[in-house]
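Values below: every heavy atom of this structure, side chains too, minus hydrogens, waters and symmetry copies. Source: prediction; values computed, not measured.
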Amino acid sequence: MLMVLLQGTQRFVIDDRHFEIDAGPEEESTPVVFMLNVAKDSRLRFLNDSQTPLRKVMISAPLPWLQRLFDVQDEAQKSVLRKFFSQHLAQHSFEPGQHIVQTAQKIISPPPALEGELNSLYLRAQGMDMMWQSLLTMLADKKDHLPAPSLMTLRFCERVRDFVTANLDKDLTIDRIAREVGWGTSTLQRHFKTHFGMTVFDFIRQKRLEAARSALADDGIPIAHAAHLAGYNNISSFTTAFRRAYGVTPKQVRL
């Protein structure tokens with residue numbers, strides 16, 4: 001079970017064990033990711049006594065998906081994951097980076113143009129991405145059980161991801177990003193793809209398309225402006241990339 005709490009305090013009980021996760025009120029909230037392994041049939045009861053409105057995303061991952069995840073990790077990582085998933089009510093929490101926070105927000109407010117099965121697929125994909133990123137962070141946090149290079153490269157790649165997310169409106173080149181995190185360009189690209197399954201350029205393109213989609217849906221900006229926001233000089237190329245990513249055209253999403 002994975003909970004991303006963006007605002008408020010969540011209290012609940014499982015098998016007579018009490019849990020409390022606190023992200024604080026809206027004006028001074030600090031998001032929290034809380035991971036809990038429920039290894040056997042249990043009774044869950046929420047205690048909704050907080051005066052602060054809750055903003056949260058709560059998802060669970062099926063065991064077969066987690067078992068497939070083990071197959072792509074090295075032996076040290078497998079050992080950490082097996083230990084966590086073998087213990088009933090094992091838990092881990094951390095303050096998330098911008099990528100996880102933005103993914104949670106996308107689940108809370110999905111694109112209005114997506115309906116039916118497309119919306120279901122969109123939410124499932126975002127949820128699995130959030131689970132994957134949270135597991136990677138948990139592995140990095142358990143540094144005493146992982147080889148130092150694995151921990152170091154993951155942390156660097158997280159810095160790359162958060163730097164890109166915060167600077168989408170700037171000229172993002174591999175050289176500039178490499179200087180920001182203190183890595184060589186080839187090392188940066190190799191480790192980023194290893195940890196996140198895509199190139200740095202693919203990640204930049206994905207995040208800019210997401211920003212363009214949000215601006216179209218929420219603010220109704222002109223399609224030419226959205227294309228520029230996504231880094232495209234040609235509206236036709238932008239429309240093709242947009243349809244490939246979301247299954248609809250920019251015109252269908254625009255207010």
Side-chain angles (χ1 to χ4, degrees), residues 1-10 12 14 19-24 29-39 44 54-74 76-110 122-146 150-166 191-198 203 206-207 210:
M1 184 179 76
L2 173 69
M3 180 188 301
V4 181
L5 188 62
L6 302 176
Q7 172 188 313
T9 302
Q10 178 71 81
F12 59 95
I14 297 182
F19 297 88
E20 178 177 320
I21 306 101
D22 185 17
S29 61
T30 301
V32 178
V33 173
F34 180 77
M35 305 171 67
L36 183 68
N37 183 51
V38 183
L44 169 64
L54 287 175
R55 290 187 69 240
K56 70 175 184 178
V57 171
M58 185 171 169
I59 62 174
S60 60
L63 183 58
W65 184 83
L66 294 170
Q67 289 173 330
R68 287 196 298 271
L69 177 67
F70 297 160
D71 295 336
V72 299
Q73 307 302 312
D74 61 35
Q77 293 172 328
K78 285 181 182 179
S79 176
V80 172
L81 291 172
R82 287 196 189 100
K83 181 178 180 180
F84 183 81
F85 291 116
S86 67
Q87 298 176 358
H88 182 52
L89 301 186
Q91 60 180 290
H92 185 76
S93 60
F94 60 91
E95 182 179 335
Q98 282 299 309
H99 182 71
I100 291 179
V101 171
Q102 290 185 1
T103 303
Q105 291 169 337
K106 286 188 287 185
I107 293 175
I108 293 173
S109 301
Y122 174 84
L123 293 176
R124 190 176 303 131
Q126 299 300 330
M128 291 299 99
D129 179 53
M130 192 164 64
M131 180 69 75
W132 169 254
Q133 301 303 334
S134 297
L135 287 169
L136 286 177
T137 302
M138 182 185 76
L139 287 171
D141 287 346
K142 294 183 180 295
K143 55 182 177 296
D144 294 338
H145 305 281
L146 290 175
S150 175
L151 170 67
M152 181 183 69
T153 59
L154 177 55
R155 284 304 195 197
F156 269 108
C157 288
E158 287 176 337
R159 286 177 57 191
V160 171
R161 190 180 58 191
D162 286 343
F163 176 76
V164 167
T165 301
H191 287 303
F192 191 92
K193 187 169 185 179
T194 296
H195 284 297
F196 300 133
M198 66 175 68
F203 181 72
Q206 174 189 351
K207 300 304 288 185
E210 289 173 2

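Side-chain contact between L5 and F34: absent, with no pair of heavy atoms (C-beta onward) separated by less than 4.5 Å. Residues V160 and F196 are not in side-chain contact: their nearest non-hydrogen atoms beyond the backbone lie 4.5 Å or more apart. Looking only at side-chain heavy atoms (C-beta outward), M35 and L135 come within less than 4.5 Å of each other. Contact of the R159 side chain with the F163 side chain is not registered, since no non-hydrogen atoms from C-beta on lie closer than 4.5 Å. Taking the side chain as every heavy atom from C-beta outward, Q133 and R161 approach each other to under 4.5 Å. Between L36 and I14 the shortest side-chain heavy-atom distance falls below 4.5 Å. Using a 4.5 Å heavy-atom cutoff, the side chains of M3 and F12 are in contact. Side-chain contact between V57 and I108 is present, with heavy atoms from C-beta onward closer than 4.5 Å.
Closest approach of T103 to Q126, counting heavy atoms only: CG2-O, 3.3 Å. The minimum heavy-atom distance linking S29 with Q7 is given by the pair CB-CA, 4.4 Å. Summarising the geometry of P96 relative to P31, their closest heavy-atom pair is CD-O, 3.2 Å, with the distance given to 0.1 Å. Closest non-hydrogen pair, I59 versus G127, comes out as CD1-O, 3.1 Å.
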**OP:** Dump the intermediate steps for side chain to side chain contact (heavy atoms under 4.5 Å, CB included) on K207 and Q102, then the final yes or no.
**Re:** CA-CA 10 Å; K207 300 304 288 185; Q102 290 185 1; 3.2 Å; yes

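The CD1 atom of I100 lies 11.0 Å from the CE atom of M131; values are rounded to the nearest 0.5 Å. Interatomic distance, M1 CE to L89 CG, rounded to the nearest 0.5 Å: 9.0 Å. Atom CE of M130 is separated from atom CG of L2 by 5.0 Å, given to the nearest 0.5 angstrom.
Residues passing the ring pair (Phe, Tyr, Trp, His ring centres under 6.0 Å) test with F203, sequence neighbours excluded: H99, F192. Under the rule for a side chain to side chain contact (heavy atoms under 4.5 Å, CB included), the partners of A39 that lie at least two apart in sequence or sit in another chain are N37, H88.
A 6.0 Å sphere centred on NZ of K193 holds no more than 12 heavy atoms belonging to other residues, nucleotides or ligands.
Considering D22, I21, L6 as possible partners of V32, the one that fulfils the side-chain contact (heavy atoms from CB on, under 4.5 Å) test is I21.
The salt bridge (charged side-chain N to carboxylate O under 4.0 Å, His left out) contacts involving residues 85-106 comprise K106-E210, where partners must be two or more places apart or lie in separate chains.
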